[in-house]
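Everything below concerns the one structure shown next.
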Amino acid sequence: MSTIFDKILDGEIPCHRVYEDEHVLAFLDVGPLSRGHTLLIPKERKAQIHELSDEAAAAMGRVLPRLARAILAATGATAYNVLQNNGGAASQVVEHVHFHIIPRYASSGLGLVWKASLLDADEAGRLVAGLREALAQD
């Protein structure tokens with residue numbers, strides 16, 4: 001199924017391009033949460049970040065800090081959020097990997113509710129063991 005980002009990559013839908021290279025494309029969000037809200041997408045067409053090749057993921061990582069610096073310089077914002085969702089339960093709407101870089105100002109940006117809990121030491125031990133096992137098999 002083709003996403004809006006696929007259509008942008010294919011040139012079927014225009015966008016306000018901020019940056020592009022052989023691996024990634026960055027463009028202004030057409031429904032911004034704040035002035036300068038920018039999206040960064042890989043040209044590799046994958047829905048979630050764990051599906052990306054190492055090369056595509058590295059390209060995103062190389063560009064993200066440069067893009068954040070440019071957004072701060074161009075907008076005058078002094079803070080920003082980087083948001084990346086994977087799957088419907090995590091509020092992902094477009095099924096193509098994308099990062100939101102959202103400049104923060106006094107009256108606009110991203111609102112967050114952080115419902116923290118306490119990490120149980122026994123559960124932490126089980127999680128660490130499971131994570132290390134999964135990493136060793138990857």
Side-chain angles (χ1 to χ4, degrees):
M1 175 184 244
S2 183
T3 71
I4 190 167
F5 295 161
D6 293 321
K7 292 176 182 176
I8 289 171
L9 288 171
D10 292 339
E12 297 173 25
I13 296 176
C15 69
H16 298 281
R17 292 173 191 266
V18 172
Y19 176 85
E20 183 173 14
D21 65 25
E22 65 184 291
H23 300 290
V24 303
L25 172 64
F27 51 93
L28 294 178
D29 193 312
V30 296
L33 293 179
S34 65
R35 182 175 172 269
H37 181 167
T38 302
L39 297 172
L40 175 63
I41 66 171
K43 290 186 176 179
E44 183 175 284
R45 298 168 192 228
K46 300 292 183 183
Q48 297 182 26
I49 200 164
H50 68 274
E51 299 170 332
L52 287 177
S53 67
D54 289 348
E55 183 177 61
M60 297 285 283
R62 279 192 303 275
V63 173
L64 191 56
R66 292 178 59 207
L67 192 55
R69 287 190 296 270
I71 290 167
L72 291 174
T75 65
T78 58
Y80 60 95
N81 292 99
V82 175
L83 177 66
Q84 202 279 321
N85 304 320
N86 294 279
S91 300
Q92 183 179 13
V93 176
V94 179
E95 300 251 340
H96 186 120
V97 173
H98 58 287
F99 284 84
H100 294 261
I101 303 93
I102 307 165
R104 294 300 301 266
Y105 308 96
S107 63
S108 66
L110 178 67
L112 296 174
V113 176
W114 198 283
K115 296 180 181 180
S117 61
L118 294 175
L119 178 60
D120 176 76
D122 291 335
E123 176 64 5
R126 289 188 294 274
L127 281 169
V128 167
L131 289 166
R132 288 180 180 168
E133 181 180 336
L135 284 166
Q137 294 174 10
D138 187 20

Just to verify, what does Gln84 make a side chain to side chain contact (heavy atoms under 4.5 Å, CB included) with, not counting sequence neighbours? Ile49, Asn86, Val97, Phe99
Among residues at least two apart in sequence or on other chains, which ones pass side chain to side chain contact (heavy atoms under 4.5 Å, CB included) with Asp122? Asp120, Arg126
For residues 40-79, which residue pairs qualify under ring-ring contact (aromatic ring centres under 6.0 Å, His included), counting only residues two or more places apart or in two chains? none
Non-neighbouring partners of Glu12 that pass side chain to side chain donor-acceptor pair (under 3.5 Å), sequence neighbours left out: none
Output, in order, the C-alpha distance, side-chain angles, deciding distance and verdict of side chain to side chain contact (heavy atoms under 4.5 Å, CB included) for Asn81 and Arg104. CA-CA 7 Å; Asn81 292 99; Arg104 294 300 301 266; 2.7 Å; yes
NZ (Lys46) and CD (Glu95) are apart, to the nearest 0.5 Å, by 13.5 Å
Which donor-acceptor pairs under 3.5 Å do side chains of residues 1-9 form with protein atoms, sequence neighbours excluded?
{"from": "Thr3", "atom 1": "OG1", "to": "Phe5", "atom 2": "N", "distance (Å)": "3.2"}
{"from": "Thr3", "atom 1": "OG1", "to": "Asp6", "atom 2": "N", "distance (Å)": "3.1"}
{"from": "Thr3", "atom 1": "OG1", "to": "Asp6", "atom 2": "OD2", "distance (Å)": "3.2"}
{"from": "Asp6", "atom 1": "OD1", "to": "Arg45", "atom 2": "NH1", "distance (Å)": "3.4"}
{"from": "Asp6", "atom 1": "OD2", "to": "Thr3", "atom 2": "N", "distance (Å)": "2.9"}

Identify all side-chain donor-acceptor contacts of residues 64-80 below 3.5 Å with residues at least two apart in sequence or on another chain.
{"from": "Thr75", "atom 1": "OG1", "to": "Ile71", "atom 2": "O", "distance (Å)": "2.7"}
{"from": "Thr75", "atom 1": "OG1", "to": "Ala77", "atom 2": "N", "distance (Å)": "3.1"}
{"from": "Thr75", "atom 1": "OG1", "to": "Tyr105", "atom 2": "OH", "distance (Å)": "3.3"}

Side-chain (Gln92) to main-chain (Val94) donor-acceptor, under 3.5 angstrom: yes
Once side chain to side chain contact (heavy atoms under 4.5 Å, CB included) is applied, do any residues pair with Gln137, and if so which ones, sequence neighbours excluded? Glu133
Mind checking what makes side chain to side chain donor-acceptor pair (under 3.5 Å) contact with Arg17, not counting sequence neighbours? Glu20
Rounded to the nearest 0.5 Å, the NE2 atom of His98 sits from the OG1 atom of Thr38 at a distance of 13.0 Å
Least distance between heavy atoms, Asn85 atom then Leu83 atom: OD1-CD1, 3.5 Å
Looking at NZ of Lys43 and CG of Leu25, how far apart are the two atoms once the value is rounded to the nearest 0.5 Å? 6.5 Å
For Glu22, which residues count as a salt bridge (charged side-chain N to carboxylate O under 4.0 Å, His left out) partner, sequence neighbours excluded? none
When Ile, Leu, Val, Met, Phe, Trp and Tyr are grouped by side-chain heavy atoms lying under 4.5 Å apart, directly or through other members, which residues fall in the same group as Val30? none
Can you see which heavy atom on Ile102 is nearest to which on Ser34, and at what distance? CG2-OG, 3.6 Å
Return the minimal non-hydrogen interatomic distance between Pro42 and Leu52, and the atom names on each side. CG-CD2, 3.9 Å
Where do Ile41 and Met60 come nearest, in terms of heavy atoms and distance? C-SD, 3.7 Å
For His23, ring pair (Phe, Tyr, Trp, His ring centres under 6.0 Å) partners two or more places apart: none
With a 6.0 Å cut-off (strictly less than), is the heavy-atom count around CG of Asp54, excluding the residue itself, greater than 12? no
Which atom of Leu39 lies closest to which atom of His37, heavy atoms considered: CD2-NE2, 4.3 Å
Contacts of Arg132 that satisfy side chain to side chain donor-acceptor pair (under 3.5 Å) - sequence neighbours left out: none
Applying a strict under-4.5 Å side-chain criterion to I, L, V, M, F, W and Y, I'd like to know whether Ile13 and Tyr19 cluster together. no
